[in-house]
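Read through the structure below, which is laid out as structure tokens, and then see the notes.
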Amino acid sequence: MDGTLVDTNYLHSVAWRRAFLAAGHDVPTAEVHRRVGMSGGRLLHELIGEESDDVKDRWKKEFHAMAEEIRALPGASALLRAVASRGADVVLATSSEEDDLELLLGALDGREVLRAVTSAGDVDEAKPEPEVFETALAKVGGSTDAAIVVGDTVWDVEAARRAGLDCVCVLTGGIARGELEAAGAVAVYRSPADLLDHIDTSPLARLLS
């Protein structure tokens with residue numbers, strides 16, 4: 001959801017940066033941004049060598065302080081509706097905490113077309129582990145040959161591939177096209193709006209009636 005449907009990747013980066021600084025860790029924002037989308041625990045291990053509840057709690061506080069800046073990306077809601085109107089189940093697969101999820105859904109017009117939603121309470125391991133996508137499939141009785149992931153980071157691509165799923169990416173998370181393609185993305189579009197404009201020639205077309 002972050003970076004794919006809702007414009008929050010840079011808000012998360014700033015929130016983590018502030019949390020690290022408050023704890024005495026001078027972690028460059030660019031290093032944080034490259035890891036947005038993986039689990040908080042793994043992000044902390046990679047950047048400061050250990051998990052820290054204090055840093056994680058401060059990150060959440062800083063992120064929630066920017067709640068009024070959270071916006072759906074152009075075309076995101078229309079894309080959800082277009083996919084649903086053509087007969088496919090739309091499942092929001094995220095490992096966000098429940099309170100964060102409500103903030104994100106509040107910015108996204110179109111939640112009524114969602115067949116199911118995952119959250120942190122549904123999974124033990126966040127991306128790049130495949131569990132979030134496996135859980136999403138299980139919630140609607142889906143199969144890997146009749147589903148596809150739309151994401152924005154290499155972690156989405158890696159988790160999807162581990163789950164046996166293709167992944168279409170958008171560039172709105174701030175990750176370069178070449179990196180996403182090298183990770184295994186089957187197609188890359190500028191934005192949700194761009195994907196919607198090309199939906200009939202995109203990999204999504206094979207799922208739509």
Inset, instruction - Answer with yes or no whether the side chains of D122 and T135 bring together a donor and an acceptor at under 3.5 Å. - result: no
Inset, instruction - Report yes if the side chains of D166 and V149 come closer than 4.5 Å at any heavy-atom pair, otherwise no. - result: no
Legend entry - Side chain to side chain, L5 and L73, heavy atoms closer than 4.5 Å: no
Legend entry - Any donor-acceptor pair under 3.5 Å from N9 side chain to G3 backbone: yes
Inset, instruction - Check the hydrophobic clustering (I, L, V, M, F, W, Y; side-chain heavy atoms under 4.5 Å; chains of links allowed) and say if V83 and L196 are grouped together. - result: yes
Inset, instruction - Work out which heavy atom in L208 is nearest to a heavy atom in A88; give both atom names and the distance. - result: CD2-CB, 3.8 Å
Inset, instruction - Using the test salt bridge (Lys or Arg N to Asp or Glu O under 4.0 Å), find all partners of E51 that sit at least two apart in sequence or belong to another chain. - result: none
Legend entry - Cluster link L21 to V36, ILVMFWY, side chain under 4.5 Å: no
Legend entry - Contacts of S77 that satisfy side chain to side chain donor-acceptor pair (under 3.5 Å) - sequence neighbours left out: none
Legend entry - Under-4.0 Å salt bridge between E179 and R34: yes
Inset, instruction - Return the minimal non-hydrogen interatomic distance between V170 and P192, and the atom names on each side. - result: CG1-N, 3.9 Å
Legend entry - Qualifying ring-ring contact (aromatic ring centres under 6.0 Å, His included) pairs with a residue from residues 63-116, counting only residues at least two apart or across chains: H12-F63
Inset, instruction - Could you walk me through whether L101 and E98 pass the side chain to side chain contact (heavy atoms under 4.5 Å, CB included) test, one step at a time? - result: CA-CA 5 Å; L101 180 58; E98 284 289 346; 4.2 Å; yes
Legend entry - salt bridge (Lys or Arg N to Asp or Glu O under 4.0 Å) partners for E112, two or more places apart: R81
Inset, instruction - Return yes if some donor-acceptor pair links the side-chain N/O of R18 with the main-chain N/O of E62 below 3.5 Å, else return no. - result: no
Inset, instruction - Please examine the side chains of S191 and L171, heavy atoms only from C-beta on, and report whether any two atoms are closer than 4.5 Å. - result: no
Inset, instruction - Give a yes or no on whether the backbone of H198 and the side-chain of T201 come within a donor-acceptor separation of less than 3.5 Å. - result: yes
Legend entry - Contact check, side chains of L114 and V91, non-hydrogen atoms, under 4.5 Å: no
Inset, instruction - Would you mind listing every ring-ring contact (aromatic ring centres under 6.0 Å, His included) that reaches into residues 89-123, with sequence neighbours excluded? - result: none
Legend entry - Over all atoms of both residues, closest heavy-atom pair of V32 and V27: CG2-CG1, 3.9 Å
Inset, instruction - Please confirm whether the backbone N or O of V55 pairs with a side-chain atom of S52, one donor and one acceptor, at under 3.5 Å? - result: yes
Inset, instruction - Please tell me if the side chains of D2 and D7 come closer than 4.5 Å, counting only heavy atoms from C-beta onward. - result: no
Inset, instruction - Tell me, please, which residues at least two apart from F20 pass ring pair (Phe, Tyr, Trp, His ring centres under 6.0 Å). - result: W16
Inset, instruction - List for me each residue that meets salt bridge (Lys or Arg N to Asp or Glu O under 4.0 Å) alongside K60, sequence neighbours excluded, and say none if there are none. - result: D99
Inset, instruction - Please round to the nearest 0.5 Å and tell me the distance separating atom CZ of R58 and atom CG of D53. - result: 15.0 Å
Legend entry - Test item: P128 and R42 side chains (from C-beta on) under 4.5 Å apart, heavy atoms: yes
Legend entry - Minimum side-chain heavy-atom gap M1-L108 below 4.5 Å: yes
Legend entry - I70 CD1 to T8 OG1 distance, which is reported to the nearest 0.5 Å: 6.5 Å
Inset, instruction - Determine, using the 4.5 Å side-chain heavy-atom cutoff (strictly less than), whether V186 and V188 are members of one ILVMFWY cluster. - result: yes
Inset, instruction - Test S95 against T118 for side chain to side chain contact (heavy atoms under 4.5 Å, CB included), laying out the working first. - result: CA-CA 7 Å; S95 52; T118 71; over 6 Å; no
Inset, instruction - Rounded to the nearest 0.5 Å, what's the gap from CG on L195 to CG on L79? Could you check? - result: 5.0 Å
Inset, instruction - Please examine the side chains of R115 and V90, heavy atoms only from C-beta on, and report whether any two atoms are closer than 4.5 Å. - result: no
Legend entry - R35 side chain to G40 backbone, donor-acceptor under 3.5 Å: no
Legend entry - Check against side chain to side chain donor-acceptor pair (under 3.5 Å), T172 and D152: CA-CA 7 Å; T172 41; D152 67 291; over 6 Å; no
Legend entry - Donor-acceptor contact present, side-chain H25 to main-chain L47, <3.5 Å: no
Inset, instruction - State whether D145 and R206 are salt-bridged, where the test is any N-O pair (Lys NZ or Arg NE/NH1/NH2 against Asp/Glu carboxylate O) under 4.0 Å. - result: no
Legend entry - Heavy-atom closest contact (A72 atom, A107 atom, distance): CB-O, 3.3 Å
Inset, instruction - Please round to the nearest 0.5 Å and tell me the distance separating atom CG of D26 and atom CD1 of I48. - result: 12.5 Å
Legend entry - ILVMFWY network linking L165 to V168, side-chain heavy atoms under 4.5 angstrom: no
Legend entry - Partner set under ring pair (Phe, Tyr, Trp, His ring centres under 6.0 Å) for W155, not counting sequence neighbours: none
Legend entry - Closest approach of T144 to A163 (non-hydrogen atoms, all atoms of both residues): CG2-O, 3.3 Å
Legend entry - Pairing residues for E181 by the side chain to side chain donor-acceptor pair (under 3.5 Å) criterion, not counting sequence neighbours: none
Inset, instruction - State plainly whether one hydrophobic cluster holds both L105 and V113, where clusters connect Ile, Leu, Val, Met, Phe, Trp and Tyr through side-chain heavy atoms under 4.5 angstrom apart. - result: yes
Inset, instruction - Test side chain to side chain contact (heavy atoms under 4.5 Å, CB included) on S143 and L137 and set out the steps. - result: CA-CA 7 Å; S143 61; L137 277 176; over 6 Å; no
Inset, instruction - Provide the closest heavy-atom pair for S96 versus T94 in the form atom of the first, atom of the second, distance. - result: OG-OG1, 2.9 Å
Legend entry - Partner set under salt bridge (Lys or Arg N to Asp or Glu O under 4.0 Å) for D194, not counting sequence neighbours: R190
Inset, instruction - Tell me, yes or no, whether the heavy-atom count around R17 atom CZ, taken from other residues, nucleotides or ligands under 6.0 Å, exceeds 12. - result: yes
Legend entry - Any pair counted as salt bridge (charged side-chain N to carboxylate O under 4.0 Å, His left out), so long as it reaches residues 125-136, sequence neighbours left out: K127-D156, E129-R162
Legend entry - Qualifying residues under ring pair (Phe, Tyr, Trp, His ring centres under 6.0 Å), relative to Y189, sequence neighbours excluded: none
